[in-house]
Amino acid sequence: MGGIWMNSKKVLAEHIAFELGVSSSEVLDLIEVPKHDNLGDLAFPCFTLAQKLKQSPEEIAKNLTEKVQHPLFEKVEAKGPFFNVFLNKKMVSQEVLKTVLGEGNNYGSSQEGIGQNVVLDFSSPNIAKPFSMGHLRSTVIGQSLANIVEKMGYQSVKINYLGDHGTQFGKLIYAYLLWGDEEKVKANPIKELLHLYVRFHEEAEDDSSLDDEGRAWFKKLEDGDSEAVKLWKWFREESLKEFSKIYDLLGVEFDSYNGEAFYNDKMTKAIDLLKENGLLTTSEGAEVVDLSDYELPPSLIQKQDGATLYATRDLTAAIHRQEAYEFDQAIYVVGHEQSLHFNQLFIVLEKMGYQWAKHMHHVPFGFILKNGKKMSTRKGEVVLLEVVIQEAIELAKQNIDEKSPYLEDKDEVAKMVGVGAIIFHDLKNERLNNIEFSLGEMLRFEGNTGPYIQYTYARACSIIRKAERAIGSNVAGLDDPYSWPIVKQLESFPNVIYISFREYEPSVIAKYLIDLAQSFNKYYGQVKILEADEMIDYRLALVKAVSIVIKEGLRLLGIQAPEKM
RNA sequence: GUCCCAGUAGCUCAGCAGGAUAGAGCAACAGCCUUCUAAGCUGUGGGUCGCAGGUUCGAAUCCUGCCUGGGACGCCA
């Protein structure tokens with residue numbers, strides 16, 4: 001990672017090191033960014049070297065101000081024990097703006113992952129159930145991580161590991177046979193199937209024979225009973241149709257829809273491998289992999305009755321994916337309640353001798369709560385995502401009608417803004433935080449929201465349109481106090497992307513965009529950008545650079561940026 | 001009982017491989033649209049950073065204990 005900033009840091013470190021007679025790498029590690037803008041751009045705290053040099057930190061800082069000089073440094077000053085440096089705004093901003101405008105959309109891209117594959121397992125809704133808010137989280141986080149990973153040069157493989165297998169399908173099939181109506185299901189598949197599912201659980205509370213029948217139908221399904229399979233296929237197909245509506249709205253596409261059922265006939269191979277490695281032991285009638293040497297509970301592979309479990313399935317899937325994609329990294333975007341499961345899974349794979357298991361990561365996220373508690377599908381306490389999205393789009397439309405009645409493509413823009421609000425709301429906070437479900441919060445368009453960022457972008461685009469001149473051919477530096485924070489933020493974009501990649505944390509980018517938009521809106525409010533003076537080209541270069549970075553940042557989050565709104 | 005995660009402004013959250021005056025947004029109040037999109041900007045009020053110890057020149061940030069909330073802990077996924 002180069003850039004003028006790093007360069008300035010190095011120059012500063014070398015100067016300080018020379019004056020103090022210590023190594024420059026030692027100094028470089030200590031240089032930091034001051035907490036407040038009025039304290040400068042780079043700071044060197046003198047505490048640590050005080051003992052070594054037998055001088056007080058204050059003295060060291062003061063001495064440095066007399067000695068350190070360089071064209072890159074506009075001003076240096078001692079503030080107590082800190083040696084603070086103000087960078088040459090013109091030089092730095094010119095360099096940064098040239099870089100951003102020169103690289104365009106590629107600004108912040110990296111070659112780090114070139115030639116390597118990353119498999120991302122995300123979204124993974126359950127067939128015949130509504131697309132829940134929890135699945136929304138997995139979907140938008142996964143999609144964003146895929147974008148980020150690609151920005152880092154990797155090839156992404158997006159897998160939707162559909163929940164299309166399990167006892168619940170036996171129950172659902174039986175419920176359908178008892179009370180189902182083909183026409184109703186065709187007209188409104190998810191809603192109707194959920195209705196059957198909820199009814200089944202209600203009635204099963206009084207009549208336990210229903211559970212037995214459900215299990216029996218699941219067994220039939222596994223054994224390939226034609227009626228069971230036919231119904232299962234139908235449910236799956238109708239569900240996928242419904243899901244694809246949501247994926248279209250969110251702009252998400254997958255490379256594979258291989259769900260749990262896909263691995264049904266592949267599990268014996270995995271079990272045989274476990275046996276060959278001598279990893280399976282019998283415990284209370286079940287086959288398990290003992291993990292006590294890792295201080296973890298055993299991983300259950302086969303039930304007493306010989307049936308397989310999700311660990312078996314995930315194991316099989318991991319091996320299959322490694323064979324199919326030869327991934328260099330695998331990411332599972334799954335709720336944090338499954339942390340133990342993934343810990344176990346990765347360790348079992350390692351015990352099987354797979355070195356690649358070290359490059360598998362569970363990326364957990366918090367719940368979406370209702371009244372402080374997890375929402376339950378069984379009780380029918382679901383908020384339908386599609387309804388929420390439609391509502392957001394509708395609200396965006398109202399805003400447009402009110403604020404820009406002459407806008408072309410109103411519906412298209414309303415969609416971008418409504419969907420943007422929903423996605424941004426989900427991505428702006430740390431993944432692991434639980435979120436209390438609040439429609440009001442999701443539909444907010446002011447303050448720290450997606451539409452606020454989009455609005456900032458639209459403002460920038462509007463200025464660029466009105467300028468009616470080529471931008472980028474004439475770029476010198478800016479040195480006013482309002483553009484400076486923007487320049488510094490633009491400079492940090494590549495590093496922000498890198499951190500979000502390292503932490504698998506899209507919120508890092510979301511927060512960055514809020515900060516950038518805030519600085520830009522302050523600038524916009526204070527500086528007349530289109531004033532026809534000798535600096536206009538430089539200001540326009542700044543506006544253009546901001547628009548490039550906001551658009552690209554939003555793209556990494558999976559959000560579109562309208563040029564007018 | 002064991003393990004994991006969280007506790008910062010009235011609310012939602014930043015800040016946490018230690019650093020200088022703990023920051024945004026929402027809500028409240030007061031301003032700013034004959035000039036680049038007011039989905040914006042400016043200002044005011046609002047804090048024992050869960051509690052108690054410890055490490056350090058320095059702790060919201062690291063360590064220990066406790067309290068509170070959430071989650072996981074073998075035949076669900």
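Chain letters run A, B, ... following the sequence lines, proteins first, then strands; residues in each count from 1. Predicted model, so just to flag it, every value in this text is computed and none were measured.
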Measuring from the side chain of A/Gln526 (C-beta onward, heavy atoms only), which nucleotide among B/G70, B/A72, B/C41 has the closest atom?
B/C41
Pair A/Phe367 and A/Phe437, ring centroids less than 6.0 Å apart:
no
Any donor-acceptor N/O pair under 3.5 Å between B/A20 base and A/Asn84 side chain
yes
Please determine, for the side chain of A/Leu309, which listed nucleotide (B/G71, B/C57, B/C76) has the closest atom?
B/C76
Within 6.0 Å of NZ in A/Lys551, more than 12 heavy atoms from elsewhere
no
Selection from B/C13, B/C57, B/A77 that lies nearest to any side-chain heavy atom of A/Asn429
B/C13
C1' atoms of B/G47 and B/C11, separation to the nearest Å
14 Å
Of all the nucleotides listed (B/C57, B/U35, B/A39), which has the minimum atom distance to the side chain of A/Lys528?
B/U35
To the nearest Å, give me how far apart CD (A/Gln454) and P (B/G40) are.
12 Å
Which nucleotide in the list B/C73, B/C36, B/C5 gets nearest to the side chain of A/Ile529?
B/C36
From C-beta outward on A/Lys511, which listed nucleotide comes closest to its side chain: B/U35, B/C5, B/G15?
B/G15
Thinking salt bridges, do A/Arg444 and A/Glu441 make one under a 4.0 Å N-O criterion?
yes
Going by ring centres under 5.5 Å and near-parallel planes (under 30°), is A/Phe82 stacked on B/G19?
no
Working for salt bridge (charged side-chain N to carboxylate O under 4.0 Å, His left out), residues A/Lys564 and A/Glu408
CA-CA 9 Å; A/Lys564 294 180 188 174; A/Glu408 321 93 70; 3.6 Å; yes
Has A/Ser138 got a side-chain atom pairing as donor or acceptor with A/Gly134's backbone, closer than 3.5 angstrom?
no
I want to verify a distance call: between B/G19, B/C5, B/C75, whose nearest atom is closest to the A/Leu300 side chain?
B/C75
Quantified in whole Å, what is the C1' atom distance between nucleotide B/U21 and nucleotide B/C66?
32 Å
Taking the P atom in each of B/G10 and B/G70, what is the distance between them to the nearest angstrom?
22 Å
Would you mind reading off the distance between A/Lys428 atom NZ and B/A14 atom P, rounded to a whole angstrom?
10 Å
Protein-to-nucleotide contact annotation, 5' to 3' order, nucleotides 21-28 of chain B [B base; S sugar-phosphate only; - none; under 4.0 Å, heavy atom]
B-SBSS--
I'd like to know if A/Thr456 reaches the base of B/G40 with its side chain, counting only an N/O donor and acceptor under 3.5 Å.
no
Where the side chain of A/Ala43 is concerned, which of B/G40, B/A20, B/A39 is the nearest nucleotide?
B/A20
Same-atom distance (C1') from B/C16 to B/C63, integer angstrom
15 Å
A/Asn521 side chain, from C-beta outward: closest of B/C36, B/C41, B/G74:
B/C41
Between A/Ile422, A/Ile423, A/Ile141, which is the residue that forms a side chain to side chain contact (heavy atoms under 4.5 Å, CB included) with A/Leu136?
A/Ile422
Relative to the 5' end of RNA chain B, which residue comes earlier, A/Ser339 or A/Glu430, by the nucleotide with the nearest heavy atom?
A/Ser339
Minimum-distance nucleotide (side-chain atoms of A/Asn433 versus B/A17, B/A77, B/A14)
B/A14
I'd like to check, for A/Tyr524, whether its ring lies over the base of B/G40 with centroids under 5.5 Å apart and a plane angle smaller than 30°.
no
